[in-house]
Amino acid sequence: MAAWISSPFAAVARTAIKTLCFLFNVLHLPSRSWSSSRDEINSADASDAVAVSITEDPETGILPFGESLLYRLSHHIPQHRHYLFPRDSDDRPRRCDRYNALMKTFARFGKADEALRLLREMKTPNVICYTTAMDALVRAGRCEEAESVFSEMISLGIAPDSVAYSILVKMYCFHHKRFVSARNIIQLMVDRGCERDVVTYSTVIAGLCRAGKIDLASELMEKMRSLGCPPDVVSYNVLIHAFCNKGDFAEVERILRESSHNGWEPDSVSYNTYISGLCNMGMTDEALKQLDVMLEKALHPTEVTLNILLGMLCRDSKITEIIFFLARSFELGLDVGAASYNTAMTRLCEIGEFSAVLKLLSDMLKKGIRPDVQTFNIVIMSLCRAGKLHKAKHIFKSKGFTPDIVTCNILLHEFCLAGEFAEFHQLVAELGSGQVSPDAITYNIIVDGLCWDGKFSKAIEFVRSIDLEFKSDHVAHLAFGLVKGGRVGDLLRLLGEMIEKGLLLDVRLFEFMIQAFCKKGSCESIEIYKICLILDKMLRRE
DNA sequence: CCCAAGCCTT
């Protein structure tokens with residue numbers, strides 16, 4: 001085991017803090033060239049930020065966002081970089097292209113409403129934009145809306161292309177499992193002169209596999225040759241994925257062995273799929289063996305390959321190997337991002353390997369990988385758990401680091417866990433005037449914290465003030481705290497008040513109360529009897 | 001348009 005793992009925590013923490021301070025100075029410089037305004041965006045929120053800021057210029061019809069915002073968005077989603085920066089260097093942005101690029105991004109992130117809103121903002125969307133909007137809706141499972149977008153397109157005289165039809169096919173296969181309807185659509189597109197291609201059929205194959213009909217999928221694969229579009233590597237990868245899910249690795253081996261005979265060549269995705277399947281079945285050694293096979297075949301392992309193996313190592317808590325893998329990623333030619341480090345660091349924090357978290361952080365910095373908010377949040381939590389609250393606070397307060405609400409939530413919770421209620425109350429007070437606004441989780445944490453600190457009436461008042469209707473989770477947290485604090489009388493009064501107002505007591509509330517009684521070990525007390533009476537009433541009402 | 005992995009808080 002490497003020497004640093006056994007080295008005293010304090011020393012590692014000290015170096016990490018020094019490195020951090022250095023980092024913040026460095027980070028501050030490029031941020032100026034990114035954007036001058038206050039809309040500092042943490043990369044994870046880039047798509048949200050764009051959603052907020054887009055409205056086209058009524059004069060020119062051009063989107064107002066500058067290159068810097070697009071850069072940040074595209075930087076966050078590398079696959080789309082070429083869409084956002086068309087090669088032909090037009091200086092007039094092409095509206096449909098640009099809209100479509102964003103719509104695609106939103107579709108991928110499951111943000112159908114944003115994609116739809118962009119479609120609505122356009123004066124004359126083309127077939128690609130309509131198709132992308134349909135895709136976004138289908139991905140979100142909103143099939144009726146997808147169909148009405150399709151109808152709208154037809155009613156406007158825009159002819160659907162094979163891609164549009166393929167999305168309908170996807171919808172019928174994936175969501176409705178209506179394969180006959182899918183076949184009818186394929187017939188329809190042929191009748192209307194659209195080419196059905198390998199993608200159309202691969203979609204059906206993916207749908208059949210999802211529905212557990214692998215035999216039918218294999219049959220269709222065979223048929224594709226006579227239909228004039230033989231399966232390609234993607235079709236086979238779909239099938240490999242299905243057999244991996246089944247745990248039928250003999251069949252996967254057979255498909256790979258016969259590949260050249262069937263006129264296709266496995267790619268990185270084929271092996272990533274296979275390796276992932278083996279990892280999911282806990283077959284670590286076999287997974288690593290397939291990595292070797294991959295390398296033998298001169299197929300480049302990708303960041304995905306690394307993430308799959310990393311996920312496996314994390315599940316198995318293989319600390320040394322995690323560090324080793326990330327450390328060697330550059331030598332393996334892998335372009336590792338912050339997300340991979342975050343995955344590893346999260347797991348290391350979970351299992352109490354706080355010095356390993358800091359080791360990975362300094363590893364990132366040495367390699368020039370820019371940590372994101374999530375990285376810092378994990379680091380902050382690790383420092384707290386390791387008893388280094390003041391160091392965590394130091395990062396929190398550092399210039400150059402933009403904390404988000406999760407950072408605040410972590411600190412609030414950790415202050416309470418450490419019994420540092422003065423710090424807790426101070427941060428709560430600061431939240432009121434700060435630039436980050438509290439979310440539902442914040443309120444839960446505050447309710448928990450007030451109860452832990454024995455400030456029961458304050459907690460009750462707090463819940464009253466944020467949630468007049470007692471509709472939220474906060475009441476459940478309050479109930480938990482009251483039971484644990486022996487304030488069942490207060491709780492009964494509160495429940496009585498809610499019932500009187502005709503407010504619904506939900507299951508979650510009772511889950512929390514029952515848990516609290518169990519934790520307290522007072523399940524036989526007279527008080528729980530009263531609670532049970534209320535529960536009975538509720539059950540009758542429902 | 002079809003295939004692989006993944007990150008922070010109660």
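Order of the sequence lines sets the chain letters (A, B, ...), proteins ahead of strands, with each chain counted from 1.
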**Request:** Only counting residues at least two apart or in another chain, list the ones meeting side chain to side chain contact (heavy atoms under 4.5 Å, CB included) with A/D439.
**Result:** A/I405, A/N409, A/I441, A/T442
**Prompt:** Taking atom C1' of B/dC8 as reference, at what distance in whole Å does atom CD1 of A/I405 sit?
**Reply:** 12 Å
**Request:** Would you please name every residue forming a side chain to side chain donor-acceptor pair (under 3.5 Å) with A/Q426, sequence neighbours left out?
**Result:** A/E430
**Request:** Round to a whole Å and report the spacing from CZ of A/R315 to P of B/dA5.
**Result:** 11 Å
**Asked** Which part of the nucleic acid, if any, lies within contact of A/I441, taking any heavy atom under 4.0 Å across all strands shown: a base, the sugar-phosphate backbone alone, or nothing?
**Response** base
**Message:** Does A/T346 reach a base, just sugar-phosphate, or nothing at all? Heavy atoms under 4.0 Å.
**Reply:** sugar-phosphate
**Message:** Counting only side-chain heavy atoms from C-beta out, which of B/dT10, B/dC1, B/dA4 sits nearest to A/H477?
**Reply:** B/dT10
**Prompt:** Where the side chain of A/T203 is defined as all heavy atoms beyond and including C-beta, which of B/dA4, B/dC2, B/dC7 is the nearest nucleotide?
**Reply:** B/dC2
**Complete:** A/V406 has its side chain closest, among B/dA4, B/dC8, B/dA5, to B/dC8
**Request:** Starting from P on B/dC8, measure out to CZ on A/F376 and report it in whole angstrom.
**Result:** 17 Å
**Item:** Out of B/dC1, B/dC2, B/dA4, whichever nucleotide has its closest atom nearest the side chain of A/F174
**Value:** B/dC2
**Complete:** A/V269 has its side chain closest, among B/dT9, B/dC1, B/dC3, to B/dC3
**Message:** What is the distance, to the nearest angstrom, from the CD atom on A/E414 to the P atom on B/dT10?
**Reply:** 8 Å
**Complete:** Taking every heavy atom of A/F456 against every heavy atom of A/G481, the minimum-distance pair comes out as CE2-O, 3.6 Å
**Request:** Could you tell me the separation between the CE atom of A/M153 and the P atom of B/dC1, rounded to a whole number of Å?
**Result:** 13 Å
**Geometric cation-pi criterion A/R385 and A/F354, 6.0 Å radius, 45° cone** = no
**Item:** Spacing between A/L306 atom CG and B/dA4 atom C1', to the nearest angstrom
**Value:** 13 Å
**Item:** Residues that A/Y341 engages under ring pair (Phe, Tyr, Trp, His ring centres under 6.0 Å), provided they are two or more places apart
**Value:** none
**Asked** Got a sec, which pairs hit side chain to side chain donor-acceptor pair (under 3.5 Å) with one end in residues 267-279 of chain A, sequence neighbours left out?
**Response** A/N237-A/D267, A/N237-A/S270, A/E253-A/Y274, A/D267-A/S270, A/Y271-A/K297, A/N272-A/T302, A/N272-A/T305
**Request:** Between B/dC8, B/dG6, B/dC2, spot the one nearest the side chain of A/I410, thanks.
**Result:** B/dC8
**Message:** Quick check on contacts: within residues 228-242 of chain A, what sits under 4.0 Å from DNA chain B by heavy-atom distance?
**Reply:** A/V234, A/N237, A/V238, A/H241
**Asked** Would you say A/E152 has more than 12 foreign heavy atoms packed within less than 6.0 Å of its CD?
**Response** yes
**Message:** Measuring from the side chain of A/H413 (C-beta onward, heavy atoms only), which nucleotide among B/dC7, B/dA4, B/dT10 has the closest atom?
**Reply:** B/dT10
**Asked** Does B/dC2 have OP1 or OP2 sitting under 4.0 Å from an N or O in the side chain of A/R139?
**Response** yes
**Asked** Taking only residues two or more places apart in sequence or in another chain, which ones pass side chain to side chain donor-acceptor pair (under 3.5 Å) with A/K213?
**Response** none
**Item:** Candidate nucleotides B/dC8, B/dC2, B/dA5, ranked by approach to the side chain of A/I378 - the nearest
**Value:** B/dC8
**Asked** A/D197 has an atom CG; how far is it from atom C1' of B/dC1, in whole Å?
**Response** 8 Å
**Message:** I need the CG-P distance between A/L137 and B/dC1, as an integer number of Å.
**Reply:** 14 Å
